[in-house]
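These numbers come from the heavy atoms of this one structure, side chains and all, not from hydrogens, waters or symmetry mates.
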Amino acid sequence: MDQITFHYDTVLSDVHLLLPNSCHLMARLNSVGQPVFISRFRILWDGAKQDTCDLGSPCGGEELDRDTQEEKGRGDARGSETGADGDGGADGGADGGEDGGVEPPLDEDGDLAVTRRQSLPRMDRDRDVVYPIILSQARREEEEEEEEEECPRDVIRIEHTMATPLEDVGKQVWRGAFLLADLILSQPTTFRGATVLELGAGTGLTSIVMATVAKTVYCTDVGEDLLSMCQKNVILNRHLMEPAGGEVRVRLLDWLRHDLCTDADAEFGWTEDEVADLHDNTTVIIAADVCYDDDLTDALFRTLYRICNNLHLPCTTYLSIEKRLNFTLRHLEVSCEAYNHFRNCLCEMQELRDGRTCFTVEQVTPSFPQCLLYERIEQLELWKVTAVPV
Ligand SMILES: C[S@@+](CC[C@H](N)C(=O)[O-])C[C@H]1O[C@@H](n2cnc3c(N)ncnc32)[C@H](O)[C@@H]1O
């Protein structure tokens with residue numbers, strides 16, 4: 001029999017699925033026919049920000065109260081599902097054993113009897129329902145400009161798509177982008193005036209936040225469509241970057257290529273001056289949620305190694321990663337292969353002795369305050385790689 005191939009592995013980021021927006025505005029269709037939405041993410045600047053929250057409890061503001069309540073409601077709902085009388089329990093099973101514990105329901109052969117829970121009516125499900133609002137497929141430029149003027153200084157507006165095939169995941173916003181954004185917003189002095197490179201920037205959210213403090217941010221990724229969306233987001237958020245004089249330059253940087261694209265005709269190509277600036281002045285590299293495929297992770301680390309070797313100054317790289325646990329038949333247990341591969345790559349980098357650059361790796365505890373609303377789950381990690389020329 002022919003092997004079955006799934007052409008589309010569609011994924012949807014929790015950022016868009018759960019929090020922080022109660023509705024999503026569909027603005028247009030992009031050049032490949034995908035609906036593009038605009039989300040507004042509120043930054044809790046100094047006054048509003050709070051210390052790190054409990055898992056799943058974003059902090060601050062009215063939205064927090066609403067979301068936290070909803071989160072609590074969900075927790076309660078889950079609790080009752082697993083409770084003795086909950087509808088998720090196996091109906092035929094005994095509620096309590098002789099020792100007071102819960103005995104699993106068994107069928108006549110002694111196998112575990114599992115009763116499938118009936119799907120609940122839509123209103124009762126324990127996730128927020130997303131209501132897309134279709135504004136128009138092609139907005140007039142003046143409308144966009146008007147909106148731009150209205151946008152307050154604590155709101156980042158990001159164009160993104162919703163569920164995408166794996167090759168388009170950069171068109172969504174991922175929690176790792178928020179974690180890095182939080183690091184920047186809570187430690188601005190670390191990044192003030194810096195020249196920064198972002199790898200796999202996707203919609204550009206983290207680069208935009210970085211440009212509120214840094215001098216120049218080279219915001220890089222692959223694919224004209226994605227880079228155009230990212231460029232649009234940079235323009236949408238000029239008002240956040242202008243006060244500090246920061247600038248985001250959206251550029252093509254493909255980990256699978258050995259060189260930077262300096263083709264003058266390429267829309268997101270690099271000028272010779274930019275390449276020189278990158279090599280002479282970069283002290284910070286950031287990359288959010290970029291390790292989800294082993295081959296790409298290898299390519300990313302090769303790129304990181306090559307770039308660091310070409311830098312004239314010591315450089316610190318911050319990598320965020322979400323450990324996405326899955327049950328695999330191969331291991332017969334819950335594991336995250338992409339994460340394990342990432343950790344191996346970090347180890348190899350630290351052990352490198354090439355006489356050119358010395359790399360040190362450490363995990364950063366994300367105990368800095370949360371300035372954006374998202375679930376800072378335990379599986380969301382931050383790693384720091386320091387590269388010093390030998
Ligand atoms: C999961 S997304 C993360 C996007 C963004 N950093 C965020 O956290 O919202 C992974 C990103 O890696 C980028 N990527 C994948 N392969 C790449 C390659 N060969 N060169 C450069 N970027 C790549 C994707 O285009 C995508 O933007």
Residues that, via side-chain heavy atoms closer than 4.5 angstrom, fall in one hydrophobic cluster with V32: none
Which donor-acceptor pairs under 3.5 Å do side chains of residues 213-222 form with protein atoms, sequence neighbours excluded?
from	atom 1	to	atom 2	distance (Å)
Y218	OH	D277	OD2	2.6
T220	OG1	E198	O	2.5
D221	OD2	A201	N	3.1
D221	OD2	G202	N	2.8

Which heavy atom of V390 sits nearest a heavy atom of C358, and at what distance? CG2-N, 3.8 Å
Grab the two heavy atoms, one from A181 and one from L372, that are nearest each other, plus how far apart they are. CB-CD1, 3.6 Å
Option passing side-chain contact (heavy atoms from CB on, under 4.5 Å) with Y305 (candidates V385, D354, T357): D354
Is it true that a side-chain atom of D182 and a backbone atom of C371 form a donor plus acceptor pair closer than 3.5 Å? yes
Interatomic distance, C347 atom SG to F359 atom CZ [nearest 0.5 angstrom]: 14.5 Å
Would you say the side chain of I285 lies within less than 4.5 Å of the side chain of C308, judging by non-hydrogen atoms? yes
Are side-chain heavy atoms of W383 and R343 found at a separation under 4.5 Å? yes
Give the minimum heavy-atom separation between S31 and D225, together with the two atoms involved. OG-OD1, 2.7 Å
Please round to the nearest 0.5 Å and tell me the distance separating atom CD1 of I184 and atom CD1 of I208. 11.0 Å
When rounded to the nearest 0.5 Å, the distance separating CG of D254 from CG of D259 is 9.5 Å
Verify the ring-centre separation between F191 and Y318: is it less than 6.0 angstrom? yes
Output the distance between atom CG (L256) and atom CG (L296), rounded to the nearest 0.5 Å. 6.0 Å
I'd like to know whether N30 forms a side chain to side chain contact (heavy atoms under 4.5 Å, CB included) with K171, so could you lay out the CA-CA distance, the side-chain angles of the two residues, the decisive distance to 0.1 Å, and finally the verdict. CA-CA 11 Å; N30 66 13; K171 292 177 185 168; 3.9 Å; yes
Answer with yes or no whether the hydrophobic clustering places V248 together with V155; edges join I, L, V, M, F, W, Y residues whose side-chain heavy atoms lie under 4.5 Å apart. no
Is there side-chain contact between T317 and L199, with at least one heavy-atom pair below 4.5 Å? no
Would you say V388 and L311 are hydrophobically clustered, going by side-chain heavy atoms of ILVMFWY under 4.5 Å? no
Looking at A177 and L205, what are the two nearest heavy atoms and their distance? O-CD2, 4.2 Å
Are the side chains of I38 and I158 in touch, meaning some heavy atoms are under 4.5 Å apart? no
State which residue, out of L304, T303, N309, fulfils the side-chain contact (heavy atoms from CB on, under 4.5 Å) condition with R306. T303
Would you mind reporting whether R175 and D14 have side-chain heavy atoms less than 4.5 Å apart? yes
Taking a hydrophobic cluster as the set of Ile, Leu, Val, Met, Phe, Trp and Tyr residues connected by side-chain heavy atoms closer than 4.5 Å, whether directly or through intermediates, do L12 and L226 fall within one such cluster? no
Does some side-chain heavy atom of W255 sit less than 4.5 Å from a side-chain heavy atom of R302? no
When F178, W174, F41 are each screened for ring pair (Phe, Tyr, Trp, His ring centres under 6.0 Å) with Y374, the one that passes is F178
Side-chain (Q187) to main-chain (F368) donor-acceptor, under 3.5 angstrom: no
N233 (side chain) donor-acceptor with T203 (main chain) under 3.5 angstrom: yes
Report the residues that fulfil salt bridge (charged side-chain N to carboxylate O under 4.0 Å, His left out) with R249, sequence neighbours left out, ordered by chain and then residue number. E247, E274
I want to check something: taking the side chain as every heavy atom from C-beta on, are I307 and L253 in contact at a cut-off of under 4.5 Å? yes
Kindly say whether Q350 contributes a backbone atom to a donor-acceptor pair with the side chain of R353 at under 3.5 angstrom? yes
Interatomic distance, C261 atom SG to F268 atom CZ [nearest 0.5 angstrom]: 11.5 Å
Within the 4.5 Å heavy-atom criterion, are V173 and S13 side-chain neighbours or not? no
Audit row: D293, H341, side-chain hydrogen bond (donor to acceptor under 3.5 Å, both in side chains) steps and yes/no: CA-CA 9 Å; D293 170 285; H341 190 72; over 6 Å; no
Straight-line distance of E242 CD to T212 OG1, nearest 0.5 Å: 13.0 Å
Test H16 against S39 for side-chain hydrogen bond (donor to acceptor under 3.5 Å, both in side chains), laying out the working first. CA-CA 9 Å; H16 305 307; S39 287; 4.5 Å; no
Shortest non-hydrogen separation from P243 to R153 and the atoms involved: CG-NE, 4.2 Å
Has the side chain of R251 got a donor or acceptor atom that lies under 3.5 Å from a matching backbone atom of L260? no
Taking all non-hydrogen atoms of both residues, which atom of L313 and which atom of D280 are closest, and how far apart? CD1-O, 3.5 Å
Is there a donor-acceptor pair under 3.5 Å between the side chain of Q172 and the backbone N or O of M162? yes
I235 with M229, same ILVMFWY side-chain cluster at under 4.5 Å: no
Could you tell me whether a side-chain N or O of Q34 sits under 3.5 Å from a main-chain N or O of T161, the two making a donor and an acceptor? no
Please check if any side-chain donor atom of E381 sits under 3.5 Å from a side-chain acceptor atom of Y339, or the reverse. yes
Distance-only, no hydrogens or angles: does the N237 side chain make a donor-acceptor pair with backbone N or O of L240 under 3.5 Å? no
